[in-house]
Amino acid sequence: MSEDSTATVRDVVIVGSGVAGLSAAVYAARADLDPLVLEGPEPGGQLTLTTDVENYLGFPEGVGGMELIQRGKAQAERFGADFRHAAVEDATLEDRPFELELANGDSVRTRALIVATGASARWVGADGEDELMGYGVSTCATCDGAFHRGDDVLVIGGGDSAMEEALFLAKFADSVTVVHRRDELRASDIMAERARDHEKIAVRWNAELLAIHGSREDGVTGATLGSHPDGHPTEKLAGSAAPEAATEVDRETVDVGGIFYGVGHVPNTDFLEDTAVELADSGHLETREGMTTETAVEGVFGAGDVMDPDYRQAVTSAGTGSMAALDAEAWLDAESTRSEPQSADPAPSV
Ligand SMILES: Cc1cc2nc3c(=O)[nH]c(=O)nc-3n(C[C@H](O)[C@H](O)[C@H](O)COP(=O)(O)OP(=O)(O)OC[C@H]3O[C@@H](n4cnc5c(N)ncnc54)[C@H](O)[C@@H]3O)c2cc1C
């Protein structure tokens with residue numbers, strides 16, 4: 001493993017350059033901690049996938065996701081944060097300074113570590129989703145639901161996340177159709193009942209989203225759904241079942257103005273799996289109870305969607321990012337006090 005050429009031991013390394021990482025970088029840089037931000041595979045994070053952000057404080061007319069990120073990065077750089085286009089593959093956290101192995105073979109050493117690697121929403125693999133994600137296809141009803149007043153929309157999934165998305169969207173949309181590939185929901189009874197009882201919500205059983213229609217200019221205009229009496233139509237089309245099953249998949253094109261994925265999120269915590277940092281069953285980073293970003297490993301802090309399975313908002317990520325930097329600063333201060341040589345016995349009084 002070759003040594004990182006830019007620094008021997010950093011005070012703070014921030015892994016991730018989404019809102020949480022940028023907010024942590026602003027605070028850490030202003031505290032003279034000279035932070036290094038490792039931008040990861042998606043510089044700027046999830047917000048770069050969206051067009052308008054209308055619920056971030058301070059932008060009454062809304063702001064583009066990319067613009068918000070560029071402004072955040074410029075703000076962090078102004079105070080001296082360094083950015084490096086690199087992803088962390090492995091972390092050694094037993095000894096301090098911590099050591100991070102990067103995908104390009106370099107390593108970085110740091111006294112304190114802020115993990116802000118976010119959580120990637122699962123996509124379903126439908127034709128057109130790459131082009132239209134952020135242009136009528138979304139993974140966040142709280143974020144984008146209000147753009148769909150009066151639309152007919154689809155929600156893909158059958159678990160609690162999908163029910164939450166559907167119930168939220170029903171406040172704005174004319175109709176919400178939950179597209180589920182089985183003939184019963186996986187959601188908890190209470191969530192399933194709430195969705196089933198809602199007059200605007202219908203469920204399309206044994207069905208899957210095959211293709212999304214529209215353009216970046218006009219947004220989503222329609223979708224092709226496949227259905228099969230036994231469910232899992234895409235599996236049948238892929239030929240994993242008996243080949244004749246593929247011919248039994250019915251296809252139908254429906255007019256819709258928005259499509260929301262509610263098939264879960266995967267926190268980006270693979271590189272922490274062999275460390276003492278605690279991860280929840282969902283893979284989210286566990287932080288200690290109370291208002292703190294401390295993890296089970298002293299000196300390692302978590303911020304943003306990677307430690308938050310519930311709120312998943314830009315503003316909450318910025319909030320926990322700032323908390324992580326403040327927690328790291330306080331911890332580094334305490335560490336340096338602990339490591340200062342103790343003074344000899346107090347001078348005798350005269
Ligand atoms: C389509 C869409 C629209 C949205 N709209 C809104 C909205 O209108 N309002 C709102 O409040 N929220 C919105 N959100 C949610 C918001 O984007 C997230 O809550 C927020 O981006 C989370 O920030 P984060 O910094 O925690 O993580 P992310 O934005 O996910 O950033 C994670 C960062 O970690 C990096 N990374 C990952 N793995 C590694 C690794 N191994 N090594 C190094 N770096 C790594 C990535 O490259 C990335 O830079 C939207 C999300 C989506 C997907």
Side-chain angles (χ1 to χ4, degrees), residues 13-26 36-59 62-69 72-73 76 83-91 100-104 106 108 113-123 129-130 132-148 165 220 258-263 265-273 283-285 293 301-324:
V13 168
I14 298 163
V15 190
S17 55
V19 199
L22 293 177
S23 174
V26 168
L36 171 66
V37 181
L38 301 173
E39 296 188 272
E42 280 178 23
Q46 294 170 62
L47 268 197
T48 61
L49 295 174
T50 195
T51 43
D52 292 327
V53 179
E54 290 194 330
N55 53 6
Y56 198 88
L57 193 69
F59 295 92
V63 58
M66 187 62 92
E67 186 189 343
L68 188 62
I69 289 297
K73 184 172 177 183
F83 284 78
R84 187 162 165 193
H85 193 28
V88 176
E89 253 184 14
D90 208 358
L100 304 175
E101 186 180 337
L102 307 184
N104 65 5
D106 283 356
V108 172
L113 175 65
I114 296 177
V115 179
T117 44
S120 307
R122 288 200 180 92
W123 293 18
E129 71 182 8
D130 285 341
L132 294 172
M133 181 59 72
Y135 296 82
V137 182
S138 173
T139 55
C140 177
T142 321
C143 312
D144 296 331
F147 297 120
H148 294 278
E165 301 274 292
V220 166
I259 299 178
F260 287 78
Y261 288 178
V263 286
H265 287 75
V266 186
N268 301 313
T269 49
D270 284 1
F271 69 100
L272 294 170
E273 268 167 16
H284 286 89
L285 196 72
T293 61
F301 305 86
D305 282 10
V306 73
M307 46 80 88
D308 164 22
D310 300 317
Y311 300 103
R312 302 194 309 257
Q313 295 298 295
V315 73
T316 50
S317 298
T320 50
S322 69
M323 287 165 59

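Just so it is clear, the structure is predicted and the values come from calculations on it, not from any experiment. Indexing begins at 1, ligand by ligand and atom by atom, following the structure's order.
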Next on the checklist: Using a 4.0 Å heavy-atom cut-off, which part of E89 comes near ligand 1: side chain, backbone, both, or neither?
Outcome noted: neither
Checklist entry - With distance as the sole test, does T269 use its side chain to make a donor-acceptor pair with the main-chain N or O of H284 at under 3.5 Å? => result no
Checklist entry - Do Y56 and L47 have side chains that get closer than 4.5 Å, going by heavy atoms? => result no
Checklist entry - Are side-chain heavy atoms of D144 and T50 found at a separation under 4.5 Å? => result yes
Checklist entry - Between D308 and ligand 1, which part of the residue brings a heavy atom under 4.0 Å of the ligand: side chain, backbone, both or neither? => result neither
Checklist entry - Quick one: does E165's side chain have a donor or acceptor within less than 3.5 Å of a partner on A141's backbone? => result yes
Next on the checklist: One residue to check: A116. Relative to ligand 1, which of side chain, backbone, both or neither has a non-hydrogen atom less than 4.0 Å away?
Outcome noted: backbone
Next on the checklist: Show me which atoms of ligand 1 lie under 4.0 Å from any heavy atom of V15.
Outcome noted: 42 (N), 43 (C), 44 (N)
Checklist entry - Any N or O of F271 that comes nearer than 3.5 Å to an N or O of ligand 1? => result no
Item to check | Nearest protein heavy atom with distance in Å, relative to atom 39 (C) of ligand 1 | outcome: T117 CG2, 3.6 Å
Checklist entry - Would you say V15 and L113 make side-chain contact, with heavy atoms under 4.5 Å? => result yes
Checklist entry - Less than 3.5 Å between some nitrogen or oxygen of R312 and one of ligand 1, yes or no? => result yes
Next on the checklist: Counting non-hydrogen protein atoms only, what is the nearest one to atom 48 (C) of ligand 1? Give residue, atom name and distance.
Outcome noted: E42 O, 3.2 Å
Next on the checklist: Could you check whether any side-chain N or O of S17 sits under 3.5 Å from a backbone N or O of G44, counting only pairs where one atom can act as donor and the other as acceptor?
Outcome noted: yes
Checklist entry - Starting from atom 11 (O) of ligand 1, which protein heavy atom do you reach first, and at what distance in Å? => result A314 N, 2.7 Å
Checklist entry - So which protein heavy atom does atom 1 (C) of ligand 1 come closest to, and at what separation? => result T50 CB, 4.0 Å
Next on the checklist: Donor-acceptor pair, distance only, cut-off 3.5 Å: does the side chain of N268 make one with the backbone of T117?
Outcome noted: yes
Checklist entry - Any side-chain heavy atom of F301 sitting closer than 4.5 Å to one from L285? => result no
Checklist entry - Would you say ligand 1 has an N or O under 3.5 Å from any N or O of V88? => result yes
Next on the checklist: Starting from atom 18 (C) of ligand 1, what is the nearest protein heavy atom, named by residue and atom, and what distance separates them?
Outcome noted: D305 OD2, 3.4 Å
Checklist outcome for this item: Quick note on ligand 1: atoms under 4.0 Å from a heavy atom of A87 include exactly 42 (N), 43 (C)
Next on the checklist: Regarding ligand 1, does V19 bring an N or O atom to under 3.5 Å of one of the ligand's N or O atoms?
Outcome noted: yes
Checklist entry - Where is the nearest protein heavy atom to atom 44 (N) of ligand 1: which residue, which atom, and how far? => result G40 CA, 3.1 Å
Checklist entry - Considering only the protein, which heavy-atom contact is closest to atom 8 (O) of ligand 1, and what is its distance? => result C143 CB, 3.4 Å
Checklist entry - Tell me, do L38 and L102 make a side-chain contact under 4.5 Å, heavy atoms counted? => result yes
Checklist entry - What are the atoms of ligand 1, with element, lying closer than 4.0 Å to any heavy atom of T139? => result 52 (C), 53 (C)
Checklist entry - For P41, is at least one N or O under 3.5 Å away from an N or O on ligand 1? => result yes
Side chains of residues 314-322: which donor-acceptor pairs under 3.5 Å do they make with residues two or more places apart or in other chains?
{"from": "T316", "atom 1": "OG1", "to": "Q313", "atom 2": "N", "distance (Å)": "3.2"}
{"from": "T316", "atom 1": "OG1", "to": "Q313", "atom 2": "O", "distance (Å)": "2.9"}
{"from": "S317", "atom 1": "OG", "to": "D305", "atom 2": "OD1", "distance (Å)": "3.3"}
{"from": "S317", "atom 1": "OG", "to": "Q313", "atom 2": "O", "distance (Å)": "2.8"}
{"from": "T320", "atom 1": "OG1", "to": "G304", "atom 2": "N", "distance (Å)": "2.9"}
{"from": "T320", "atom 1": "OG1", "to": "T316", "atom 2": "O", "distance (Å)": "3.1"}
{"from": "T320", "atom 1": "OG1", "to": "S317", "atom 2": "O", "distance (Å)": "3.3"}
{"from": "S322", "atom 1": "OG", "to": "G319", "atom 2": "O", "distance (Å)": "2.7"}

Checklist entry - Atoms of ligand 1 less than 4.0 Å from G304 heavy atoms? => result 26 (O)
Next on the checklist: Once ring pair (Phe, Tyr, Trp, His ring centres under 6.0 Å) is applied, do any residues pair with Y261, and if so which ones, sequence neighbours excluded?
Outcome noted: none
Checklist entry - With backbone taken as N, CA, C and O and side chain as the heavy atoms from C-beta onward, which portion of D144 lies under 4.0 Å from ligand 1: side chain, backbone, both, or neither? => result side chain
Next on the checklist: Can you confirm, on distance only, whether ligand 1 has an N/O atom lying under 3.5 Å from any N/O atom belonging to N268?
Outcome noted: no
Next on the checklist: Strictly distance-based, threshold 3.5 Å: is any side-chain N or O of N104 a donor or acceptor partner for the main-chain N or O of D106?
Outcome noted: yes
Checklist entry - Taking atom CZ of R312 and atom SG of C143, what is their separation to the nearest 0.5 Å? => result 8.5 Å
Checklist outcome for this item: If you scan protein heavy atoms around atom 21 (O) of ligand 1, the nearest is Q46 CB, 3.7 Å
Checklist entry - Which distance, rounded to the nearest 0.5 Å, do you find between the CG of L68 and the CG of D52? => result 11.5 Å
Checklist entry - Do any nitrogen or oxygen atoms of A20 lie less than 3.5 angstrom from nitrogen or oxygen atoms of ligand 1? => result yes
